[in-house]
Amino acid sequence: MDLHVLVLPGDGIGTEVTREAVRVLRHVAAKWNHKLSLTEGLLGGVAIHRTGTPFPEETAKLAAEADATLMGAVGLPEFDNAPPEQRPEKGLLKIRQALGVYANLRPVRAYKSQLDSSPLKNHLVEGTDMIIVRELTGGIYYGIPRGITGTGADMRAVNTMTYTRAEIERVTRMAFHLAKTRRKKVTSVDKSNVLENSQLWRKVVVEVAIDYPDVALDHLLVDNCAMQLVLNPRRFDIVLTENMFGDILSDEGAVLAGSIGMLPSASIGDRRPSGAWVGLYEPVHGSAPDIAGQNKANPLGAIGSVAAMLEYSFGLKEEASAVESAIEHALASGHVTADLRPSGAPATTEQVGESVCVAIS
Ligand code: IPM
Ligand code: MN
């Protein structure tokens, strides 16, 4: 198979974890005889430095041409006070929108060998296996009007949370579709006791659910969900929620997996004429400037994102599960990065990438 992948390493540890993810991708392509063509592009802070904008035209063009896009992370502290249009994060929001990847799948698993990495009690986290399905191209992240107006005491800031029925419906279908392949349970998360936005969300989810009679549906308010995630994480199979709630809850989910460095993600849009899903693959973590350039970031979230790419954009299930088993294998060896609190000397980013390749062998 021809795999044409755009690689956007981005900023900070993004470049380091992406290097390992690409190492694994090359390894898989060689082993299964796929023809891999990789293109590299600019996104985020590095793109601002080189071109003056976080999402250059050239990157938009490359992403549209590629079968799938693999991303590292964006964000640099030097842009902390820059206006929104000139921030690295804007590049990420724009590429999500440009590709129309409205469903962000964030699997959260507690690996047996890593139970001690979580600050929570083992018996609570053990067996956790859920996917947070986060709506990614709507809601308060993109709503208009937005901005800061006025001066001095009259300054005022506004953001708008807005959803259409169609936006809720398509991500809900994605969540139910996934649930059918798993434990057949969707938990929809909203704030319908306060927000009209959430009232529409709940109404549409209930309507869509009628088409999936074999999938159980329940609803949680987002504040309660935040609590249930750490009280009883095994109760969750698919968590379906809007953009900002999903952003917040997935960082909380990282605590269950032992480290945010563990979490992969797949952002999926519509199907291309070829039948492949449009996909953008990135670890959930950020650019972590504090540990950048030290070869100590955990690359497993990025490598897990490669597994997701193989599965969703290329339909290569065998290759995808080989990568997932290799991740498990690398974890079980105990030679893991510092964030997972290994008992011995921590592994480097590069060593973890290599050991995943060896485990695939
Ligand atoms: C994420 C990140 C991004 C988001 C930031 C970097 C814009 O936190 O992917 O979770 O909020 O979506
Ligand atoms: Mn986030």
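In each ligand, atom 1 is the first atom listed, and ligand 1 is the first ligand listed. Model, not experiment: these values are computed from the prediction.
In this structure, K90 does not count as a contact residue of ligand 1, since none of its heavy atoms falls inside 4.0 Å of the ligand. Using a 4.0 Å heavy-atom cutoff, M244 is absent from the residues neighbouring ligand 1. The closest approach between any non-hydrogen atom of R87 and ligand 1 is not below 4.0 Å.
Inclusion of D251 in the first shell of the Mn ion (ligand 2) is not supported: no N, O or S atom falls under 2.8 Å.
The ligand atoms of ligand 1 that sit less than 4.0 angstrom from a heavy atom of E89 are 6 (C), 7 (C). Close contacts of ligand 1 with R96, meaning ligand atoms under 4.0 Å from a residue heavy atom, involve 1 (C), 4 (C), 9 (O), 12 (O).
Nearest protein heavy-atom neighbour of atom 11 (O) of ligand 1: Y141 OH, 2.5 Å. Atom 1 (C) of ligand 1 has as its closest protein heavy atom R106 NH2, 3.3 Å. For atom 10 (O) of ligand 1, the nearest protein heavy atom (residue, atom name, distance) is D247 OD1, 2.9 Å.
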Worked verdict on L76 versus I48 for side chain to side chain contact (heavy atoms under 4.5 Å, CB included):
CA-CA 11 Å; L76 291 174; I48 302 178; over 6 Å; no
Could you go step by step and tell me if D211 and R173 meet the salt bridge (Lys or Arg N to Asp or Glu O under 4.0 Å) rule?
CA-CA 9 Å; D211 293 342; R173 291 202 183 275; 3.1 Å; yes
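Sorting the N, O or S atoms of D247 by how far they are from the Mn ion (ligand 2) puts OD1 first.
Residues E40 and P9 come closest through the heavy atom pair OE2-CG, 3.6 Å. Nearest heavy-atom pair across K90 and P54 is CB-CG, 4.1 Å.
Atom CE of M244 sits about 4.5 Å away from atom CE of M161, to the nearest 0.5 Å.
No donor-acceptor distance shorter than 3.5 angstrom exists from the side chain of Y142 to the backbone of T162, with no hydrogens or angles considered.
Considering backbone and side-chain N/O of R134, one or more are found under 3.5 Å from N/O of ligand 1.
Ion pairing between a basic and an acidic side chain is recognised when a charged N comes within 4.0 Å of a carboxylate O; R182 and D129 show such pairing.
W32 places a side-chain heavy atom less than 4.5 Å from the side chain of I360.
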